[in-house]
Amino acid sequence: MAKKTAAKTVTLSVKDVPVDLADRLKKRAAENHRSLQGELRSILDAADHTLSVLEIAALVKHLGIKSPSESAQIIREDRDDPRR
């Protein structure tokens, strides 16, 4: 039978955090249904995450970012917009 080993953890401390930043972090944690500690761990985990090509493509699609190859179409749409 394999012996399970406990994951090692480290306690970190951040000093002199401006009140407005702490408030924004607390708000972000609440919006994500996490504790402040959970939100900070999530931020640290995300900082170490490298996006794959597929993840970047999905993000670009989600954000609706246009590529330079679509510039002519963008100009035509802008030019033909009756609001202009």
Side-chain angles (χ1 to χ4, degrees):
M1 183 181 284
K3 183 179 179 182
K4 290 185 178 182
T5 58
K8 293 187 179 191
T9 62
V10 175
T11 300
L12 300 176
S13 175
V14 181
K15 297 179 182 181
D16 300 321
V17 176
V19 172
D20 64 320
L21 176 56
D23 289 342
R24 286 183 293 162
L25 286 168
K26 289 175 187 176
K27 181 180 177 194
R28 178 177 164 162
E31 289 170 352
N32 290 315
H33 308 286
R34 293 193 264 255
S35 65
L36 180 57
Q37 291 298 317
E39 189 65 23
L40 292 170
R41 280 191 303 271
S42 177
I43 291 168
L44 291 171
D45 186 52
D48 188 40
H49 180 71
T50 303
L51 295 176
S52 70
V53 173
L54 293 176
E55 289 171 317
I56 293 169
L59 180 59
V60 167
K61 183 176 181 180
H62 173 75
L63 294 174
I65 298 172
K66 304 283 186 174
S67 71
S69 63
E70 298 169 317
S71 59
Q73 180 64 30
I74 294 168
I75 291 169
R76 282 188 201 99
E77 290 171 2
D78 188 51
R79 180 194 62 214
D80 297 339
D81 187 343
R83 296 175 287 170
R84 296 204 180 266

Check Arg28, Lys27, His33 against Glu39 for a side-chain hydrogen bond (donor to acceptor under 3.5 Å, both in side chains) and give me the one that passes.
Arg28

Taking every heavy atom of Ser35 against every heavy atom of Ala29, the minimum-distance pair comes out as O-CB, 3.6 Å

Cluster partners of [X], using ILVMFWY side-chain heavy atoms under 4.5 angstrom, listed by chain and number?
| X | value |
| --- | --- |
| Val19 | none |
| Ile43 | Val14, Val17, Leu21, Leu25, Leu36, Leu40 |
| Ile75 | none |
| Leu54 | none |

Does Ile56 have any side chain to side chain contact (heavy atoms under 4.5 Å, CB included) partners at least two apart in sequence or in another chain, and if so, which?
Leu51, Val60

Could I get the full list of side chain to side chain contact (heavy atoms under 4.5 Å, CB included) partners for Asp45, not counting sequence neighbours?
none

